[in-house]
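Data block below; observations after.
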Protein chains: 2
Amino acid sequence: MYSVTSLKAELNERGWRLTPQRETILQVFQNLPEGQHLSAEDLHNLLLEDGEAISLSTIYRNLKLMARMGILRELELAEGHKHYEINQPAPYHHHHLICVRCNKTIEFKNDTILKTGAKTAQKEGYHLLDCQLIIHAICPTCQRSLLPM
Amino acid sequence: MYSVTSLKAELNERGWRLTPQRETILQVFQNLPEGQHLSAEDLHNLLLEDGEAISLSTIYRNLKLMARMGILRELELAEGHKHYEINQPAPYHHHHLICVRCNKTIEFKNDTILKTGAKTAQKEGYHLLDCQLIIHAICPTCQRSLLPM
DNA sequence: AGGATAGATGAGAATCTATTGCAACTTGGG
DNA sequence: CCCAAGTTGCAATAGATTCTCATCTATCCT
Ligand SMILES: [Mn+2]
Ligand SMILES: [Mn+2]
Ligand SMILES: [Zn+2]
Ligand SMILES: [Zn+2]
């Protein structure tokens, strides 16, 4: 699994720095149970409870930074705010089926898709960061509750 | 192609109404050249120029409505605002490869993915609205211009 | 090890997309 | 043609994210 050492290496390589805050954020995501996703606020609160407070600005800055480095995935699981999870390779890599009404989310795996993504990026000369299939749909429960929208 | 008549039918079926504004919005997206995507503001301005002004609130309300009906696709092609395009079936259905630095976007097609999406949704009892593979990457140009982020 | 320097943080203000309340107006149904 | 419920426009508001700037610090150099 992606280590603090490699995080430091990648940061320094670009003239950036490994800070305690960045290290903490990485560790939180590494220890996050499968299927969990954190928003900036979620992470902020989680750290507050642990007495590891990091300012919200710093959290926003680093979530974006780490997503652009390919360490985290940025997910649109709900309206109005992003969620993040660690970006893992092949056997853990997965996708999301999302109910647009209640945001219930199901994760699923599919090897072919990641391959397709990698191939497509390569073919165009792009450097791949993340590859996610998003299925927007309406869950069984929400289908039944016929619906003021 | 999805007609105004079927839009009216689908709306009425749920107790909603076909308004001139909704009809206009549908037509704009139907006539949009392949590869173009509009934000709420884009659409608002475009209509202003054509003297077909629709209030921004109404635009926001209906873009969301039509996305939830499966008529439009909601895309995260850039930070800070969504883009929309018409949601078309199999031979036109496509996906997006996006540079996270400059937002340069390339569209590509892949039959398998749509099938996978449909199958996954069905298996879980979800009613499919949209299925999009998003590849986040860094384009050749942005790779070279090494990079204050 | 000590100092210099560019990068990073924290706190709060600012920005800006998107939502909402409400009065006036329309659509679809009867 | 009439009514009820849905829709619109406008302005006010919300809420997530970004920005400013003073202060701090990780990394590099001697
Ligand atoms: Mn996940
Ligand atoms: Mn497109
Ligand atoms: Zn649902
Ligand atoms: Zn680029």
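On a predicted model such as this, the values are computed, not experimentally measured, just so you know. Chain identifiers are assigned alphabetically (A, B, ...) following the order of the sequence lines, protein sequences preceding nucleic acid strands; residue numbering begins at 1 within each chain.
In this structure, the CG atom of B:N12 is 12 Å from the P atom of C:dT27, given to the nearest Å. Whole-Å rounding puts the A:E76 CD to C:dA18 C1' distance at 14 Å. In this structure, A:L43 atom CG and C:dT9 atom P are separated by 13 Å, rounded to whole Å. For the pair A:K64 NZ and C:dT9 P, the interatomic distance rounds to 15 Å; values are reported in whole Å. When rounded to the nearest whole Å, the span between CG of B:L7 and P of C:dG28 equals 10 Å. Atom C1' of nucleotide D:dT17 and atom NE2 of A:H44 are separated by 14 Å, given to the nearest angstrom. A:E23 has its CD atom 15 Å from the P atom of C:dA8, to the nearest Å. Across the protein-nucleic acid pair, B:K8 atom NZ and C:dT26 atom C1' stand 12 Å apart, rounded to whole Å.
Two end axes, each from the C1' atoms of five base pairs, can be drawn for the helix from C:dA1-D:dT30 to C:dG30-D:dC1; they diverge by 50°, to 10 degrees.
In terms of the side-chain hydrogen bond (donor to acceptor under 3.5 Å, both in side chains) criterion, residue partners of A:S6 (sequence neighbours excluded) are, by chain and number, A:S3. Scanning for salt bridge (charged side-chain N to carboxylate O under 4.0 Å, His left out) contacts around B:K82 gives A:E79, with sequence neighbours left out. Partners of B:Y92 under the ring-ring contact (aromatic ring centres under 6.0 Å, His included) rule, at least two apart in sequence or in another chain, do not exist in this structure. Remark: B:H44 engages no residue in a ring-ring contact (aromatic ring centres under 6.0 Å, His included) (not counting sequence neighbours). Taking B:H81 as the reference, B:H83 meet the ring-ring contact (aromatic ring centres under 6.0 Å, His included) condition, with sequence neighbours excluded. Among residues two or more places apart in sequence or in another chain, the salt bridge (charged side-chain N to carboxylate O under 4.0 Å, His left out) test is passed with A:R22 by none. Applying the side-chain hydrogen bond (donor to acceptor under 3.5 Å, both in side chains) criterion to B:S39, with sequence neighbours excluded, gives B:D42. Scored by the ring-ring contact (aromatic ring centres under 6.0 Å, His included) test, A:Y2 finds no partners at all (sequence neighbours excluded).
When every heavy atom of B:G117 is checked against every heavy atom of B:C131, the shortest pair comes out as CA-SG, 3.8 Å.
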- Task: Using a 4.0 Å heavy-atom cut-off, write out nucleotides 1-11 of chain D from 5' to 3' as B (base contacted by protein), S (sugar-phosphate only) or - (no contact).
- Result: ---BBBSBBBB
Nucleotide N/O to protein N/O under 3.5 Å, stretch nucleotides 14-16 of chain D:
| unit_1 | atom_1 | unit_2 | atom_2 | d |
| --- | --- | --- | --- | --- |
| D:dA16 | O3' | A:G80 | O | 3.2 |

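Other residues sharing a hydrophobic cluster with B:I138 under the 4.5 Å side-chain heavy-atom criterion for ILVMFWY residues are A:L129, B:V100.
Looking only at distances, a side-chain donor or acceptor of B:N87 sits under 3.5 Å from a matching main-chain atom of B:G70.
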